[in-house]
Colleague: 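Take a look at this one; I'll ask things after.
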Amino acid sequence: MIATVEHIRKFIFALVDCKNFYVSCERAFNSRLWKKPVIVLGNNDGIIIARSDEAKQLGIPMGFPVFLVRKIIKDNDVIVKSANFPLYFNMRDRVRGILSEFTPHLEKYSIDECFLDLTAFPPDQLDSYGRQIKEMVERCTGIPVQVGIAETKCLAKLANKVAKKKPELKGVLSVYGNLRWRERALEVTDVGDLWGVGPAYATMLKSNGINNALQFRDAPEHWVQKKMTIMGARIQAELKAIKCHSLSELPEPKKMIGTAAGVGVLMETLEEMLQEAAARAEEEGWKLRKENVCAKEMVVWVSTNPFSADPKHNDAREFTLPVATNNTSVIAKLAQACVKEMYKNGHRYKRVGVHALTLEPANCVQGDIFVDYEDPKKVTLMRVMDQLNQERGTGTVRIAATGPTGVSRTLFQNQSPHYTSRWSDLPIARAC
DNA sequence: TCTGGGGTCCTAGGACCC
DNA sequence: TCTGGGGTCCTAGGACCC
């Protein structure tokens with residue numbers, strides 16, 4: 001490999017990761033959840049999307065259908081919460097706000113993780129700096145975090161994981177410039193826990209005698225590239241402190257925007273399917289307008305429940321719009337036409353999906369002299385609809401095609417109040 | 001005997017992330 | 001009875017072009 005200036009120049013990355021994020025958000029407003037096993041369920045209260053440490057210790061797995069662990073929940077008084085995304089998004093923004101006070105150079109990697117560029121900071125103080133970040137976030141938001149610091153993103157991720165696993169590190173680990181610490185961290189990390197190594201690669205690597213991150217780093221480079229493509233080669237280089245991934249401070253424009261929520265009660269009639277198609281189109285339109293883009297090509301698909309013994313039917317239709325659009329009623333009509341074509345009587349459907357594949361910025365859509373989607377009245381109608389729904393709550397104004405009630409969808413039986421996003425739910429402080 | 005070679009674009013499929 | 005919902009990137013192979 002030819003060393004470039006990029007490789008020689010030293011960078012410092014920190015990864016800040018919120019611990020059991022959704023559970024921590026719930027706990028920040030409800031002290032009764034402290035030190036108890038708590039889990040958070042996804043849409044429809046179907047699967048487990050977050051667990052407290054206590055719940056993990058009971059052996060409750062992530063992404064698992066909740067009905068399969070009912071007994072553990074009952075026997076151990078596990079507290080079950082339904083997802084409360086408005087609260088989580090708000091807490092995410094608070095955490096990011098605190099982090100951006102430390103450095104303006106940060107990448108919002110996911111709802112509960114941020115990469116920080118600390119290159120400008122004195123390397124001998126990184127450890128204490130990591131501790132300051134941790135304390136400040138916890139004090140201001142109530143969300144516990146771990147901090148990992150290193151020369152590359154992959155190593156920062158790894159340091160973060162080690163900090164999480166080893167209580168004596170108290171949630172902060174910098175391996176920057178410290179070869180011995182770096183090797184130790186690599187050695188105690190299972191190869192399957194590396195960022196970018198999923199279950200398939202982990203199995204392959206282990207069957208070749210590569211069990212930890214250190215062994216992976218030292219494996220022959222050509223072999224790694226052959227088996228795991230350029231992605232694997234990059235992970236390996238990053239573990240050698242050679243930077244392959246930069247900080248992306250500005251989010252890349254999206255390449256695809258989709259929506260495909262499963263329904264609560266399976267759909268059997270065409271009418272239900274058409275209503276669901278309209279509802280998904282409505283959501284898709286809203287997402288496109290929020291991103292300020294229009295879709296030129298779209299895919300509509302239907303599927304039955306993959307886990308049931310019912311007859312299966314999965315199908316998809318793709319179409320190209322004459323003029324890219326983000327207008328809900330245009331999308332809804334086309335989505336319904338696709339569903340009408342695909343629907344087969346005698347099946348119980350779980351999902352209708354609507355995906356936009358080719359996106360164009362909304363302000364420079366290529367026109368078509370025969371089609372008039374850019375009718376200012378329609379644009380205004382969408383804007384007013386979005387505004388009303390935002391101010392008065394989702395679903396205040398809907399297109400008629402979604403039906404009077406819509407298809408039965410989301411169950412939130414154990415949702416906490418919207419502490420941060422609804423006036424009536426504001427927590428009340430009482431003097432003891 | 002021996003049947004070009006280099007390039008682009010598109011798609012499906014596989015792997016991964018949170 | 002109940003099993004999420006978003007995304008990204010890379011590669012191989014085929015079609016097609018000159």
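What's counted below: heavy atoms across the whole structure, side chains too, no hydrogens, waters or symmetry copies. Note on naming: letters A, B, ... go to the chains in the order of the sequence lines (proteins, then strands), and numbering restarts at 1 for each one. Small disclaimer: the values here were computed from a predicted structure and weren't measured.
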Colleague: Does the side chain of K243(A) come under 3.5 Å of the side chain of S246(A) through a donor N or O and an acceptor N or O?
Modeller: yes
Colleague: Below 4.0 angstrom from OP1 or OP2 of dT3(C), is there any side-chain N or O of K350(A)?
Modeller: yes
Colleague: If we count only N and O atoms by modelled type, under 3.5 Å, do the side chains of T304(A) and D310(A) hold a donor and an acceptor together?
Modeller: no
Colleague: Got a sec? Which of residues 297-307 of chain A come in under 4.0 Å of DNA chain C, heavy atoms?
Modeller: N305(A), F307(A)
Colleague: Given side chains that start at C-beta, do those of M228(A) and L205(A) come closer than 4.5 Å, heavy atoms only?
Modeller: yes
Colleague: Taking all heavy atoms of I149(A) and all of A14(A), pick out the closest pair and write down the distance.
Modeller: CG1-CB, 3.9 Å
Colleague: Apply side-chain contact (heavy atoms from CB on, under 4.5 Å) to K255(A) and list each qualifying residue two or more places apart in sequence or on a separate chain.
Modeller: none
Colleague: Determine which pairs satisfy ring-ring contact (aromatic ring centres under 6.0 Å, His included) with at least one residue from residues 295-319 of chain A, sequence neighbours left out, and list them in order.
Modeller: W301(A)-H355(A), H313(A)-H347(A), H313(A)-Y349(A)
Colleague: With sequence neighbours left out, which residue pairs that include part of residues 207-216 of chain A fulfil the side-chain hydrogen bond (donor to acceptor under 3.5 Å, both in side chains) condition?
Modeller: none
Colleague: Hey, do the aromatic rings of F102(A) and Y129(A) have their centres closer than 6.0 Å?
Modeller: yes
Colleague: Is a side-chain donor-acceptor pair under 3.5 Å present for K312(A) with N305(A)?
Modeller: no
Colleague: Assign each of I257(A) and F64(A) to its nearest nucleotide of DNA chain C by heavy atoms, then name whichever residue's nucleotide is nearer the 5' end.
Modeller: F64(A)
Colleague: Scan residues 204-212 of chain A against DNA chain B and write down, sorted by residue number, each residue with any heavy atom closer than 4.0 Å; if none is found, say none.
Modeller: none
Colleague: Which pair of heavy atoms, one from K36(A) and one from S52(A), lies closest together, and at what distance?
Modeller: O-OG, 3.4 Å
Colleague: Determine the interatomic distance between C1' on dC17(B) and the same-named atom on dG4(C); round to the nearest Å.
Modeller: 15 Å
Colleague: With the threshold set at 4.0 Å, does a side-chain nitrogen-carboxylate oxygen contact exist between E138(A) and K134(A)?
Modeller: yes
Colleague: Whole-Å distance between dT1(C) C1' and L41(A) CG?
Modeller: 16 Å
Colleague: Round to the nearest Å and state the distance from I48(A) atom CD1 to dG4(C) atom P.
Modeller: 12 Å
Colleague: In this structure, is the centre-to-centre distance between the rings of W195(A) and F216(A) below 6.0 Å?
Modeller: no
Colleague: Of R348(A) and G258(A), whose nearest nucleotide on DNA chain C comes first from the 5' end?
Modeller: R348(A)
Colleague: Per the ring-ring contact (aromatic ring centres under 6.0 Å, His included) rule, what does the pair list look like for residues 53-84 of chain A, sequence neighbours excluded?
Modeller: none
Colleague: Nearest whole angstrom, please: distance from the C1' of dA12(C) to the NZ of K226(A).
Modeller: 16 Å
Colleague: Please convert DNA chain C into dot-bracket. A pair counts if it is Watson-Crick or G-U wobble with both distances under 3.5 Å; crossing pairs go in [ ] and bases paired with another strand get |.
Modeller: ....||||||||||||||
Colleague: Name all pairs fulfilling the side-chain hydrogen bond (donor to acceptor under 3.5 Å, both in side chains) condition that reach into residues 222-239 of chain A, sequence neighbours left out, sorted by first residue then second.
Modeller: none
Colleague: Let me have the donor-acceptor pairs involving side chains of residues 181-188 of chain A, under 3.5 Å, with sequence neighbours excluded, atom names and distances please.
Modeller:
{"residue": "E183(A)", "atom": "OE2", "partner": "R217(A)", "partner atom": "NH1", "Å": "3.1"}
{"residue": "E183(A)", "atom": "OE2", "partner": "R217(A)", "partner atom": "NH2", "Å": "2.8"}

Colleague: Counting the atoms with a prime plus P, OP1 and OP2 as sugar-phosphate, which does K287(A) contact under 4.0 Å by heavy atoms, base, sugar-phosphate, or nothing?
Modeller: sugar-phosphate
Colleague: What's the OH-P distance between Y22(A) and dG6(C), to the nearest Å?
Modeller: 12 Å
Colleague: Please identify each residue that fulfils salt bridge (charged side-chain N to carboxylate O under 4.0 Å, His left out) with K290(A), with sequence neighbours left out.
Modeller: none
Colleague: What is the per-nucleotide protein-contact pattern of nucleotides 13-18 of chain B, from the 5' end, where B denotes a base atom under 4.0 Å from a protein heavy atom, S denotes such proximity for sugar-phosphate atoms only, and - denotes neither?
Modeller: --SSSS
Colleague: For nucleotides 8-11 of chain C, tabulate all protein N/O to nucleotide N/O atom pairs closer than 3.5 Å, reporting atom names and distance.
Modeller:
{"residue": "dT8(C)", "atom": "OP1", "partner": "K255(A)", "partner atom": "N", "Å": "3.1"}
{"residue": "dC9(C)", "atom": "OP1", "partner": "K255(A)", "partner atom": "NZ", "Å": "3.3"}
{"residue": "dC9(C)", "atom": "OP2", "partner": "K255(A)", "partner atom": "NZ", "Å": "2.9"}
{"residue": "dC10(C)", "atom": "OP1", "partner": "R234(A)", "partner atom": "NH1", "Å": "2.9"}
{"residue": "dC10(C)", "atom": "OP1", "partner": "R234(A)", "partner atom": "NH2", "Å": "3.4"}

Colleague: Could you tell me how far apart R280(A) (CZ) and dG4(C) (C1') are, to the nearest whole angstrom?
Modeller: 13 Å
Colleague: Could you walk me through whether F13(A) and Y176(A) pass the ring-ring contact (aromatic ring centres under 6.0 Å, His included) test, one step at a time?
Modeller: CA-CA 9 Å; F13(A) 289 100; Y176(A) 181 87; over 10 Å; no
Colleague: Take atom CG of D310(A) and atom C1' of dT3(C), then tell me their distance rounded to the nearest Å.
Modeller: 14 Å
Colleague: Applying a 4.0 Å non-hydrogen cut-off, can you work out what S308(A) is touching in the nucleic acid: base, sugar-phosphate, or nothing?
Modeller: nothing
Colleague: Would you mind reading off the distance between L359(A) atom CG and dG6(C) atom P, rounded to a whole angstrom?
Modeller: 15 Å
